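Computation of the quantities below employed the complete heavy-atom set of this structure, encompassing side-chain atoms and omitting hydrogens, waters and symmetry-equivalent molecules. Everything numeric in this text was worked out from a predicted model, so none of it was measured.
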Amino acid sequence: MSKYRNSLLYVSIIGGCTALIYWVVTQGSKLEVNTKAVVSENTAWENFLQTLIHNLESPLALLLAQIVTIVLVARVFGWICKKIGQPSVIGEIIAGIALGPSLVGTYFPEFSAVMFPTQSLGNLSFLSQIGLILFMFVIGMELDLKILKNKAHDAVLISHASIVIPFALGMALAYYIFESFAPDGVDFLSFGLFLGISMSITAFPVLARIVQERGLQKTRIGTIVITCAAADDITAWCLLAGVIAIVQAGSFVSSLYIIALAFIYVIVMLKLVRPFLARIAKYQGNSKLLSKGTVAIFLLTLIISAYCTEVIGIHALFGAFMTGAIMPDNMKFRTIFIEKVEDVAVVLFLPLFFVYTGLRTEIGLLNEPYLWKITGLIILVATVGKFVGSAITAKFVGINWRDSLTIGALMNTRGLMELIVLNIGFDLGVMTGEVFAMMVIMALATTFMTGPLLDLIAKIFGPLGDEPQHKGVVIGKYQVFLFFEHKLSLAPLMKLANAFTGKSSVDTRITAMHMIDSQELNSFNTQDYEEEIFEAVQEQATEMDQEVQTYYKVSNDIESDVVGMVHQETCDLLLIEMGYSIYRGSVLGNILGFTTRIINPDVLLNKVTGREKLFENSWFNARTQQIMNRTKVPLGILINKDFQKLEHVFLPIFSKGDLKLLPYAQKMIRNNDVQVSILDATGELENHTEFKEHIRLIEQYKPNHIRIVSNKVVSKEFIEEFDLMLITLDSWKKLIETRSIWLNHAPSMLLMQSL
């Protein structure tokens, strides 16, 4: 009876309350005296449709639909740009322009009017401003002021020259175009100052990611350019605050009051707020678990700081940047905050800013050749000011031409930071729509040309940087490369690599590769992360008494870089761990997995060329599948089921193709004294004498290490004896398709994709 007690109580409560509600409604209806029921002339279905349309048009529903559209389109354009070797931020900016009046608004005006009506842009504007405040907070935190203290001399000189020269050229350009393009009522000082500051901006976050992707972060040139960019950022934002003050005050003399207030604000932040925050960070017991109260204090400081600078008149973004810059020096503390804020700011809010910028950018306004000539002139002045100015200054302080030109190319990167400045100028009314469009094109062009310029410099003067990342091609050695994404998969892959090579480094070599997406790191924690990875590889190598080469890279396209690396080297075997597709296991998952691969241009190409079946639903995730499709060296894919040791290996043979695994089994026996059991399920060994001879030779070299079994049924007890199953990818797929029950009890598996 006790087991029904809860059910009876549940029924009693629900039934009793339902009866009570019915009685109250019945009695309440008797109170209606002068009420008149509203009767609609529409049918129930029409009423439902009207309600649905009304809900769709509500401001909140529209805003949510806009966010979904913007984030999706920005991700697609960003992905395309990554594939062509450009920073994803360029794709996101282009996505914004494409969704604006320049493309969608021109060719799909009805959609544009429904999705981005003019009255909804205010909501987008506020959200994008919130995103920018969070983003500038992160940018401030990513700046390591200690770098400036230690290596200030040459870097600050180059940095300031890279600001002053384009600033002066921008002012000269303003003099040339003021009469034709300045908005009515705007004085020359405001127009010229904004054009000058627009020419002087360097996009620190984009530059830092390019430095990482090129592997320059540990080189002398990388250190100099990061320091230059940091000094540039601080100087440029302080200058911008002054320029905004002058523009808003209307004259330089009036702006002195605002500048004085801004000076007081900076003193308060440095002398009062910074020590206060440092004290809080010091007494935070465990920096890995920040309390809600601590997080609230820091976020409130950010908001109050942004509010103060907005009220003073030097823009809220300066306050956010300043708060980030004075955060406690504790690197772990900053890293935790960056991780907390960056994902929301970059993934969700920044695309809103790009699209908001795109909605304001009307390329159609540049409808005359003369206007495009002016646009070209702006790009030329911007490039000469930054690129040439930085390069010549760097050469003047004693840096060689290759590194000087590299500094110039990197400092010429403008990207997102330029758009922020342009939007501020547009909001202040200093720029017309035409000039705004021209400057947006200039920001895109200067950012886009950075990669090709670096490639050109490397082609003329040789590889950039001064620290080789890898020892290069080694001929005559059996080389195993392993690629690991997580530290947990390092140990099992290294055990397998050791099984194929042994401890001898005379005729074998192991290279452990780790690559991380440039979007997943920020400049602040790159070095720590790299050291952590190298430390993990070294620990594992020491434990195994095995010499291991390492290769680490911050990549813009991991799949291409992995494949390119093994093709560049004389790689004999590539080992990776299986990445499971998250889409498998449900009907919706299978559909999503299929559509995801269809929109991937690489997969589309494979399907057109016949390397993939049109409706094949892969067991592997997209990265593993791409490496499988594109690699031209033998590939081993580990399915790790708590792989600990390698003493007994099971090698099932179902076809002639499986016989190609015998050389791998031979290496395991020779290097690790592994016991190998071959299941000749279809009599292939008996039919091919060359393989029988191969086994005989193995037995002669290492007697009693290989045996042939011919069980027709693989029992659970039998399969559980082994540490690893070595099997070809094709045979494994057939076992999966036939739903072989014994696979459930199989040990860790190494799926070999031979060529």
Side-chain angles (χ1 to χ4, degrees), residues 59-79 81 87-100 115-116 120-142 203-206 208-209 237 295-296 298-307 309-310 315-324 327 336-361 415-424 426-427 440 443 517-522 524:
L60 180 59
L62 181 61
L63 180 63
L64 295 175
Q66 287 172 337
I67 292 174
V68 171
T69 306
I70 290 168
V71 171
L72 284 177
V73 175
R75 299 292 290 179
V76 170
F77 275 72
W79 179 84
C81 270
S88 58
V89 66
I90 291 184
E92 292 170 353
I93 295 170
I94 294 174
I97 294 174
L99 283 174
M115 184 55 72
F116 300 108
S120 72
L121 298 187
N123 296 330
L124 270 182
S125 171
F126 278 121
L127 271 184
S128 66
Q129 290 298 317
I130 297 280
L132 284 184
I133 286 174
L134 294 175
F135 181 72
M136 290 303 296
F137 179 52
V138 172
I139 296 299
M141 279 194 287
E142 287 186 349
F204 176 77
V206 179
R209 281 177 172 76
W237 282 99
V295 175
F298 281 85
L299 290 181
L300 272 176
T301 305
L302 163 66
I303 295 169
I304 292 171
S305 173
Y307 173 77
T309 50
E310 181 72 16
H315 209 284
L317 295 183
F318 183 78
F321 177 76
M322 190 72 195
T323 309
M327 285 286 281
I336 292 172
F337 255 95
I338 288 173
E339 289 176 352
K340 278 180 179 294
V341 176
E342 191 174 37
D343 286 345
V344 177
V346 172
V347 177
L348 188 63
F349 286 120
L350 269 190
L352 304 187
F353 170 71
F354 292 135
V355 171
Y356 182 66
T357 304
L359 291 171
R360 314 172 92 186
T361 307
L416 166 65
M417 310 303 280
E418 177 75 32
L419 291 191
I420 294 174
V421 174
L422 295 180
N423 275 278
I424 291 173
F426 198 45
D427 288 336
V440 169
D517 195 304
S518 58
Q519 299 294 319
E520 296 178 14
L521 275 184
N522 53 64
F524 196 73

### Message
List the residues meeting side chain to side chain donor-acceptor pair (under 3.5 Å) with T309, not counting sequence neighbours, and say none if there are none.
### Response
none

Which pairs of donor and acceptor atoms, one on a side chain in residues 352-360, lie under 3.5 Å apart (sequence neighbours left out)?
residue : atom : partner : partner atom : Å
T357    : OG1  : F353    : O            : 2.8
T357    : OG1  : N423    : ND2          : 3.1
R360    : NH1  : N423    : OD1          : 2.8
R360    : NH1  : D427    : OD1          : 3.2
R360    : NH2  : D427    : OD1          : 2.4

N/O donor-acceptor pairs under 3.5 Å from side chains in residues 59-71, not counting sequence neighbours:
residue : atom : partner : partner atom : Å
Q66     : NE2  : M115    : O            : 2.7
Q66     : NE2  : S120    : OG           : 2.9
T69     : OG1  : A65     : O            : 2.8

### Message
Applying ring-ring contact (aromatic ring centres under 6.0 Å, His included), can you list everything that pairs with F349, at least two apart in sequence or on another chain?
### Response
none

### Query
Does the side chain of I304 reach to within under 4.5 Å of the side chain of T323, using non-hydrogen atoms?
no

### Task
Test L302 against L134 for side chain to side chain contact (heavy atoms under 4.5 Å, CB included), laying out the working first.
CA-CA 9 Å; L302 163 66; L134 294 175; 4.0 Å; yes

### Task
Starting at CD of E418, measure out to CD1 of I93 and round the result to the nearest 0.5 Å.
10.0 Å

### Under the side-chain contact (heavy atoms from CB on, under 4.5 Å) test, residues paired with I94 that sit two or more places apart
F77, I90, L444

### Query
Counting N and O atoms only, with roles assigned by atom type, does the side chain of S128 sit under 3.5 Å from a partner on the main chain of S125, one being a donor and the other an acceptor?
yes

## Note on the structure
Looking only at heavy atoms, the pair that brings S305 and G319 closest together is OG-O, 2.9 Å

